[in-house]
Amino acid sequence: MAGITVQRAGPGITLQDRGRAGYLAQGLSRGGAADLLALAEGAALLGQDDTCAAIEVAGSFVTLQVSDPVRIALTGAPMRARCDGAALAWNASHMLPAGATVDLAGSAGGYSYVHFGGGIDADVTLGARSAHLAAGLGRMLVDGDSLTTGPDNGTRVGQTFTPLPRFDGGTLRLVQTPQTRLFARAELARFQDTTFCKDARGNRMGQRLVCDGAGFGLDAGLNILSETIVPGDVQITGDGAPFVLLAECQTTGGYPRIGTVLPCDLPRLVQAPQGAALKFAFVDLEQAVALERAEGARRAGLRGGLRPMIRDPHDMADLLAYQLISGVTRGDDLERGT
């Protein structure tokens with residue numbers, strides 16, 4: 001186990017794991033990491049379960065010092081990372097020596113994660129270590145906070161992988177909700193043809209999107225009774241702007257929901273930088289189930305996609321597949337003077 005001291009912390013630094021499922025009836029949303037894919041990627045790099053708590057950096061900065069040697073992994077929105085002045089590769093695992101100081105800064109937005117071998121051994125509340133700021137569970141980390149890692153049975157470091165592209169916007173696939181039919185077909189078509197970008201008004205509860213042109217207000221919206229809502233629901237607010245609910249959203253709401261973004265596409269939204277183009281596309285329920293199952297299988301196989309940052313020929317089972325020497329000629333060519 002190792003001690004971690006927070007030497008310097010900007011706003012938006014919290015502990016996060018997979019969150020608290022099963023409390024919607026009590027008025028508590030799941031919470032947890034804004035980018036669950038990044039959480040799984042860090043777990044794969046360190047060879048541990050993705051329930052381990054990590055430090056989430058929401059477009060901010062943080063400086064950490066460790067008391068003992070410890071393994072770390074860096075995933076999510078890329079940042080400038082240095083250990084005692086030396087650069088650390090992103091989307092990779094590293095061994096930090098005792099007393100090392102790690103500085104993370106320069107994020108272009110989105111959510112970045114620092115994972116530790118053994119996870120962070122914080123208090124468990126309602127089955128999770130995550131801070132849920134909207135519900136008053138936990139708090140942001142501040143200068144001087146002390147943390148402790150759990151037991152780490154792993155040893156492997158120096159691993160990296162190619163992350164799923166999700167840091168430049170793109171298309172968010174969604175399924176219909178009970179209110180989708182209240183929108184005219186022409187409006188649904190216009191909604192899918194419209195290019196959106198993230199508004200400055202966004203946090204772990206939800207993200208407002210803006211576009212050029214008219215909004216998507218619904219005259220019948222004021223007559224909708226409050227009902228259960230979940231992360232991914234796209235509410236059309238009073239000004240006609242779509243608001244996508246995220247990890248710490250409320251559990252009931254009365255705005256009409258034009259659709260629900262698939263969980264596998266939410267990382268693309270939360271990691272999109274300001275100004276990146278975002279679009280929506282409806283898929284049917286059968287397609288949605290297939291896409292979610294495929295993403296679940298892909299995440300389960302993340303460890304199989306790891307590779308060493310520096311390859312040792314002694315560990316390369318496919319060594320003979322590489323051209324190690326170039327420019328070789330046949331002997332008879334030399335005899336002919338060619």
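This is a predicted model, so every value here is computed, not measured.
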Could [X] and [Y] be called an ion pair, given the rule that one side-chain N must be under 4.0 Å from one carboxylate O?
{"X": "R129", "Y": "D121", "value": "yes"}
{"X": "D265", "Y": "R173", "value": "yes"}
{"X": "D35", "Y": "R166", "value": "yes"}

Nearest 0.5 Å please: distance from the [atom1] atom of [X] over to the [atom2] atom of [Y].
{"X": "D123", "Y": "L137", "atom1": "CG", "atom2": "CG", "value": "12.0 Å"}
{"X": "C249", "Y": "Q235", "atom1": "SG", "atom2": "CD", "value": "8.5 Å"}
{"X": "I13", "Y": "L104", "atom1": "CD1", "atom2": "CG", "value": "8.5 Å"}
{"X": "K198", "Y": "L278", "atom1": "NZ", "atom2": "CG", "value": "7.5 Å"}
{"X": "L46", "Y": "H115", "atom1": "CG", "atom2": "NE2", "value": "7.5 Å"}
{"X": "Q65", "Y": "S146", "atom1": "CD", "atom2": "OG", "value": "10.5 Å"}

Beyond-backbone contact of [X] with [Y], side-chain heavy atoms, under 4.5 angstrom:
{"X": "Q250", "Y": "M205", "answer": "yes"}
{"X": "V289", "Y": "R293", "answer": "yes"}
{"X": "D50", "Y": "R18", "answer": "yes"}
{"X": "I258", "Y": "L188", "answer": "yes"}
{"X": "L302", "Y": "E41", "answer": "yes"}
{"X": "W90", "Y": "S112", "answer": "yes"}
{"X": "E187", "Y": "I236", "answer": "no"}
{"X": "R307", "Y": "T162", "answer": "yes"}

Look only at the side chain of [X] and the backbone of [Y], and say whether a donor-acceptor pair between them is shorter than 3.5 Å.
{"X": "S93", "Y": "G158", "result": "yes"}
{"X": "R20", "Y": "A128", "result": "yes"}
{"X": "R71", "Y": "D152", "result": "no"}
{"X": "S60", "Y": "V57", "result": "no"}
{"X": "T63", "Y": "D103", "result": "no"}
{"X": "Q48", "Y": "F116", "result": "yes"}
{"X": "Q192", "Y": "K279", "result": "no"}
{"X": "R30", "Y": "G19", "result": "no"}
{"X": "E56", "Y": "A34", "result": "yes"}
{"X": "T177", "Y": "R257", "result": "yes"}

Side-chain H-bond candidate by donor/acceptor type, [X] with [Y], under 3.5 Å:
{"X": "T260", "Y": "D233", "value": "yes"}
{"X": "N91", "Y": "T160", "value": "no"}
{"X": "E248", "Y": "S29", "value": "no"}
{"X": "R268", "Y": "T171", "value": "no"}

Heavy-atom count check: over 12 atoms from other residues, nucleotides or ligands less than 6.0 Å from [X] [atom1]?
{"X": "D284", "atom1": "CG", "value": "yes"}
{"X": "R156", "atom1": "CZ", "value": "no"}
{"X": "R298", "atom1": "CZ", "value": "yes"}
{"X": "R303", "atom1": "CZ", "value": "yes"}
{"X": "Q26", "atom1": "CD", "value": "yes"}

Worksheet item: side-chain contact (heavy atoms from CB on, under 4.5 Å) between L36 and R299: does it pass, once the steps are laid out?
Response: CA-CA 10 Å; L36 288 174; R299 292 190 189 189; 3.9 Å; yes

Worksheet entry | Sole residue of F280, F191, Y255 in ring-ring contact (aromatic ring centres under 6.0 Å, His included) with F216 | F191

Worksheet entry | Test log, rule side-chain contact (heavy atoms from CB on, under 4.5 Å), inputs L24 and V230 | CA-CA 9 Å; L24 282 179; V230 296; 4.2 Å; yes

Locate the shortest heavy-atom distance separating [X] from [Y]; write the atom from each residue and the value.
{"X": "R190", "Y": "A214", "result": "NH1-O, 3.1 Å"}
{"X": "G31", "Y": "R204", "result": "C-NH2, 4.1 Å"}
{"X": "A2", "Y": "S67", "result": "C-OG, 3.9 Å"}
{"X": "T195", "Y": "A277", "result": "CG2-CB, 3.7 Å"}
{"X": "P273", "Y": "F167", "result": "CD-O, 3.2 Å"}
{"X": "V244", "Y": "G232", "result": "CG1-O, 4.1 Å"}

Does one hydrophobic cluster hold both [X] and [Y], with members joined at side-chain heavy-atom distances below 4.5 Å?
{"X": "L269", "Y": "F282", "value": "yes"}
{"X": "L266", "Y": "L174", "value": "yes"}
{"X": "V157", "Y": "L96", "value": "no"}
{"X": "L64", "Y": "L88", "value": "yes"}
{"X": "L141", "Y": "L74", "value": "yes"}

Worksheet item: Are V114 and V102 close enough, and set up right, to give a side-chain contact (heavy atoms from CB on, under 4.5 Å), and what steps lead you there?
Response: CA-CA 10 Å; V114 188; V102 175; 5.9 Å; no

Discussion item. One pair to check against side-chain contact (heavy atoms from CB on, under 4.5 Å): M79 and V62. What are the steps and the verdict?
Written reply: CA-CA 11 Å; M79 302 180 71; V62 67; 5.9 Å; no

